[in-house]
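The chains referred to below are lettered A, B, ... by the order of the sequence lines, with proteins before strands, and numbering in each begins at 1. Remember, predicted model here, so these are calculated numbers, not experimental data.
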Amino acid sequence: MSGVPELPEVETVRQGLERFVVGRSVADAQVLHPRAVRRDPAGPAGFAAAMAGRHLERARRRGKYLWITLDDDEALLAHLGMSGQMLVGDPERPLSPHVRARFTFTDGGADLRFTDQRTFGHLCLVPVKEGVPAPIAHIAPDPLEDAFDPAVFAARIARRRTGIKRALLDQSLISGVGNIYADEALWHARLHWARPTELLKPAEVSRLLAATREVLTDALRAGGTSFDSMYVNVNGESGYFGRSLEAYGREGEPCSRCATPIRRDTFMNRSAYSCPRCQPRPRHPHW
DNA sequence: TCCGGCACCTGTACGC
DNA sequence: TGCGTACAGGTGCCGG
C-alpha cells in the first residue's frame, strides 16, 4: 500500500496539477463512484455537468486540501484522504479499478484521474470567498504558508484544554499536520504528546512550531518528485517512505539521541510514538 | 463554544 | 489453509 498523503505529498501533487492540467479546459467529467463527490450538494450528475467546459486556472493548497480555481468565484476542491492519487496519462489507457472520477480535456491530451482505494478522499465544486474555498474557511493556515501567524497559534494553544498532540492534529489550530509528522515534531521538540496545552511554556510552543516546520520542510525537499513526462503519476509516493523517521513506527528501536527504546502508546484509537527519556510523561497528562 | 469519541473504508498482517 | 479480527489513517459530525 502506498503511504498516506501528508502535506509534502499533497504539495507535490499540487505542483503536478499546476504543470499538467492548469491552463487547460475540461471537455468531460465522469464520476465513477458517488462517494467521491459526497460533499458536493449537486451530486454525481450535477458535479459532472458543472465541471464540463470549465477552464482550470491555478492549483492551490492549504494543509492537505488542494483546489483548482475555475474563475474568481469557484474552485474544484479536493482532499486525497488516506489513499487518493491524481493520475495524469494517456486518455486511452485502461481504467484501473479504483478510479473514482475522470476528467478529459478539450485539447484531447492526457486525462486526469482521481483514484482512491479507500474512498476517504473527495472532490467538490465550491464557492471561493476571499481566496479560500468556503468548506475549508474554518481551517487554519498551514505552518509553511505566509498567512500562518505564530503569535495567533501560541495564543490559541494557551487557551486550549487538551493534549498537545491532539492540538497539533486539530486543523482549526494548524493545518497539514498528520499523525506521522505530529510524532516527529514532538520528538524533535522533546515534548511528550500528552503535555497539557495550557501548561506549555511559550518557549516550548515556539520550539514545537520550529520543529513542525523543520520536519515538513525536510519532507518537502526529500519528497519532491520530478515530472519528466506527462505520463507519470501526479502523486507523492516518494514522500516519507524515502526518509528515516525518528519516532513514528519505531517501537522498540533505540532513540537516535539517547538509545532508549521508542515507546508506542494508544492514542485516539491510534498510536503515539515517543522516546520515554527525551519526552518525559507530564505529571498531569491530557490523554 | 469547546472537547472527546466515533463513523467512514479497505488492504494488509497476524493469530487461531 | 482459511477464516476472523485488529489495525492504519484524516476529517466531519454529533453529543455532552
Side-chain angles (χ1 to χ4, degrees), chain A residues 1-11 13 32-41 61-67 77-86 96-101 114-124 126 132-143 153 155-186 193-200 212 216 219 235-237 239-241 245 247-252 264-273 284-287:
Chain A
M1 183 177 17
S2 71
V4 174
E6 297 275 347
L7 183 148
E9 288 76 27
V10 177
E11 172 58 19
V13 173
L32 296 125
H33 194 306
R35 198 173 139 76
V37 294
R38 65 192 177 282
R39 305 274 171 216
D40 195 312
R61 180 187 60 74
R62 166 164 287 186
K64 299 181 194 176
Y65 278 96
L66 284 167
W67 66 95
L77 179 65
H79 195 289
L80 301 177
M82 310 295 297
S83 56
Q85 297 177 317
M86 296 287 186
S96 71
H98 300 301
V99 177
R100 308 306 184 197
F114 173 62
T115 84
D116 187 15
Q117 234 171 36
R118 291 157 79 176
T119 72
F120 274 47
H122 64 96
L123 305 175
C124 49
V126 299
V132 180
I136 62 166
H138 67 289
I139 297 212
D142 69 60
F153 174 69
R156 296 193 63 197
I157 284 282
R159 285 199 300 270
R160 281 300 178 101
R161 297 288 183 273
T162 189
I164 185 58
K165 180 168 175 179
R166 210 179 263 276
L168 262 189
L169 296 175
D170 184 337
Q171 305 293 298
S172 70
L173 287 176
I174 179 171
S175 67
V177 182
N179 202 41
I180 295 168
Y181 292 132
D183 281 359
E184 292 301 292
L186 288 164
W193 55 269
R195 288 282 299 275
T197 46
E198 69 270 29
L199 299 179
L200 284 174
T212 305
L216 290 175
N235 62 37
E237 283 198 28
Y240 58 83
F241 282 107
L245 297 172
Y248 181 85
R250 297 194 60 227
E251 183 180 16
R264 174 188 178 275
D265 295 304
T266 296
F267 164 79
M268 293 171 77
N269 283 327
R270 294 185 169 86
S271 299
Y273 296 90
H284 305 289
H286 231 312
W287 303 123

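Dashed line: the shortest gap from a side-chain N or O of A:Arg160 to OP1 or OP2 of B:dC3 is under 4.0 Å. Residue A:Arg35 places at least one side-chain N or O under 4.0 Å from the OP1 or OP2 atom of B:dC9. One finds a side-chain N or O of A:Tyr65 lying less than 4.0 angstrom from the OP1 or OP2 phosphate oxygen of C:dG12. Proximity of A:His79 to the phosphate of C:dG10: no side-chain N or O atom is located under 4.0 Å from OP1 or OP2. An OP1 or OP2 oxygen of C:dT11 is reached within less than 4.0 angstrom by a side-chain nitrogen or oxygen of A:Gln171. An OP1 or OP2 oxygen of B:dG4 is reached within less than 4.0 angstrom by a side-chain nitrogen or oxygen of A:His286. Between A:Arg166 and B:dC3 there is no side-chain polar atom (N or O) within less than 4.0 angstrom of OP1 or OP2. Of the side-chain N and O atoms in A:Arg39, none sit less than 4.0 angstrom from OP1 or OP2 of C:dT11. Under 4.0 angstrom from either OP1 or OP2 of B:dG4 there lies at least one side-chain N or O belonging to A:Thr162.
Nearest to the side chain of A:His138, among C:dG12, C:dA8, B:dC3, sits C:dG12. Out of B:dG11, C:dG10, C:dC7, the shortest distance to the side chain of A:Met82 is found at C:dG10. Ranking B:dG4, B:dC6, C:dA8 by closeness to the A:Ser271 side chain, first place goes to C:dA8.
Toward the 5' end of DNA chain B, the nearer of the two residues A:Arg161 and A:Arg100, judged by each one's closest nucleotide, is A:Arg161.
Among the candidates A:Asp170, A:Ile174, A:Leu173, the single residue satisfying the side chain to side chain contact (heavy atoms under 4.5 Å, CB included) test with A:Arg156 is A:Leu173. Remark: of the listed residues A:Lys64, A:Met86, A:Arg61, A:Gln85, A:Met86 is the sole one forming a side chain to side chain contact (heavy atoms under 4.5 Å, CB included) with A:Val13.
To the nearest angstrom, P of B:dA7 lies 14 Å from CE of A:Met268. Whole-Å rounding puts the A:Asp170 CG to B:dC3 P distance at 8 Å. The CZ-P distance, from A:Arg270 to C:dT11, rounds to 11 Å in whole Å. Between A:Phe267 atom CZ and B:dG5 atom P there is a gap of 10 Å when expressed in whole angstrom units. A:Leu173 has its CG atom 12 Å from the C1' atom of B:dC3, to the nearest Å. If you measure from atom CG of A:Leu123 to atom P of C:dT11, you get 15 Å, rounded to the nearest angstrom. At whole-Å resolution of the value, CG in A:Asn179 and P in C:dT11 are 12 Å apart. Counting to the nearest Å, the P atom of C:dC13 and the CZ atom of A:Phe120 are 15 Å from each other.
Nucleic acid contact class of A:Gly178 (heavy atoms, under 4.0 Å, all strands): sugar-phosphate only.
A donor atom on one side chain and an acceptor atom on the other are found under 3.5 Å apart for A:Asp116 and A:Ser83.
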- Could you go through the side chain to side chain contact (heavy atoms under 4.5 Å, CB included) check for A:Glu9 and A:Leu80 one step at a time? CA-CA 10 Å; A:Glu9 288 76 27; A:Leu80 301 177; over 6 Å; no

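Ring-plane geometry between A:Trp193 and A:Phe267 is classed as perpendicular, the angle between the planes exceeding 60 degrees on a 0 to 90 degree scale with a lower cut at 30.
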